[in-house]
Amino acid sequence: MAVTRTFSIIKPDATRRNLTGAVTAKLEEAGLRVVASKRIHMSREQAEGFYAVHKERPFFGELVSFMISGPVVVQVLESEDAVKRNRDVMGATNPKDAAEGTIRKTFAESIEANSVHGSDSEENAAIEIAFFFKPEEIVG
Ligand code: CMP
């Protein structure tokens with residue numbers, strides 16, 4: 001199977017609780033390799049642009065407010081079948097539905113403060129990676 005890339009965000013609820021390393025350890029234990037990483041504080045414009053696909057959803061305003069409430073860590077992850085591997089280790093969007101041992105089951109506080117974002121397809125991974133990283137910032 002081909003080595004592919006996906007995009008991850010460690011969200012403000014996790015950075016606030018000093019869980020950047022603990023979340024990254026779960027990603028690495030799952031076989032994902034961090035090939036780019038930076039800690040940023042998103043602007044409102046960045047968060048609205050990143051989540052534009054959700055702009056008609058009732059939770060959009062709160063989602064944007066939450067994502068700019070503190071620093072996040074944006075990462076590019078690499079492995080065989082990286083999108084699926086990352087989604088498997090993240091667990092379901094709502095931590096109440098997430099499987100034991102997943103990042104969201106272990107760390108998430110709520111469906112909004114759910115500790116991590118991960119791309120849902122290779123196509124979206126490419127778009128999301130390009131939203132935050134220049135090609136030369138990714139070192140595999
Ligand atoms: P994420 O993978 O970052 O993509 C969109 C986010 O919206 C999602 O994770 C959730 O954290 C957040 N969200 C907040 N409320 C809801 C909801 N009711 N249904 C789905 N996602 C929600």
Side-chain angles (χ1 to χ4, degrees):
M1 192 170 284
V3 171
T4 57
R5 287 176 175 171
T6 190
F7 175 75
S8 167
I9 305 176
I10 302 176
K11 295 188 179 184
D13 66 286
T15 62
R16 176 170 43 78
R17 289 175 289 151
N18 207 21
L19 293 172
T20 298
V23 170
T24 303
K26 287 257 192 204
L27 298 171
E28 292 181 341
E29 281 160 19
L32 291 152
R33 180 175 290 272
V34 180
V35 295
S37 182
K38 58 187 170 191
R39 185 175 173 101
I40 62 170
H41 198 138
M42 275 195 224
S43 66
R44 179 170 292 278
E45 292 67 31
Q46 265 180 315
E48 287 176 350
F50 181 77
Y51 280 120
V53 64
H54 294 303
K55 69 174 181 296
E56 305 304 333
R57 308 282 286 271
F59 57 82
F60 180 70
E62 285 183 5
L63 172 62
V64 168
S65 296
F66 169 65
M67 291 301 289
I68 65 174
S69 68
V72 300
V73 179
V74 291
Q75 297 183 316
V76 181
L77 308 175
E78 198 173 81
S79 77
E80 288 188 355
D81 207 5
V83 169
K84 179 175 187 307
R85 193 178 290 233
N86 185 39
R87 290 182 75 77
D88 286 350
V89 71
M90 285 195 305
T93 304
N94 190 338
K96 288 184 186 147
D97 303 327
E100 282 302 327
T102 61
I103 292 169
R104 285 167 169 162
K105 181 70 175 183
T106 307
F107 299 120
E109 296 179 317
S110 66
I111 192 168
E112 178 179 272
N114 66 353
S115 300
V116 279
H117 164 83
S119 308
D120 62 3
S121 66
E122 278 191 35
E123 187 188 5
N124 283 337
I127 293 167
E128 292 175 359
I129 289 168
F131 195 91
F132 287 104
F133 289 98
K134 299 182 189 129
E136 63 268 27
E137 292 177 312
I138 304 167
V139 183

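Because only heavy atoms are used, hydrogens play no part in the values below, and waters and symmetry mates are left out as well, while side chains stay in. Atoms within a ligand are numbered from 1 in the order they appear, just like the ligands themselves.
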Quick one: ligand 1 N/O to protein N/O pairs below 3.5 Å?
| unit_1 | atom_1 | unit_2 | atom_2 | d |
| --- | --- | --- | --- | --- |
| ligand 1 | 2 (O) | His117 | ND1 | 3.1 |
| ligand 1 | 3 (O) | Lys11 | NZ | 2.7 |
| ligand 1 | 3 (O) | Tyr51 | OH | 2.6 |
| ligand 1 | 3 (O) | His117 | ND1 | 3.1 |
| ligand 1 | 9 (O) | Lys11 | NZ | 3.2 |
| ligand 1 | 11 (O) | Lys11 | NZ | 3.2 |
| ligand 1 | 11 (O) | Ile111 | O | 2.8 |
| ligand 1 | 11 (O) | Glu112 | O | 3.4 |
| ligand 1 | 11 (O) | Asn114 | OD1 | 3.3 |
| ligand 1 | 11 (O) | Asn114 | ND2 | 3.2 |

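Each of Lys11, Arg16, Lys96 was compared with Glu109 under the salt bridge (charged side-chain N to carboxylate O under 4.0 Å, His left out) criterion, and only Arg16 meets it.
Of all heavy-atom pairs between Val89 and Lys26, the closest is CG2-O, 3.7 Å.
A cation-pi arrangement is found for Lys38 relative to Phe133, the charged atom lying closer than 6.0 Å to the ring centre and inside a 45° cone about the ring normal.
In terms of modelled atom types and a separation under 3.5 Å, the side chain of Ser115 and the main chain of Arg104 share no donor-acceptor contact.
A distance of 6.0 Å or more separates the ring centres of Phe131 and Phe7.
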Please tabulate, one pair per line, all N/O donor-acceptor pairs under 3.5 Å involving side-chain atoms of residues 52-60, not counting sequence neighbours.
| unit_1 | atom_1 | unit_2 | atom_2 | d |
| --- | --- | --- | --- | --- |
| His54 | ND1 | Arg57 | NH1 | 3.4 |

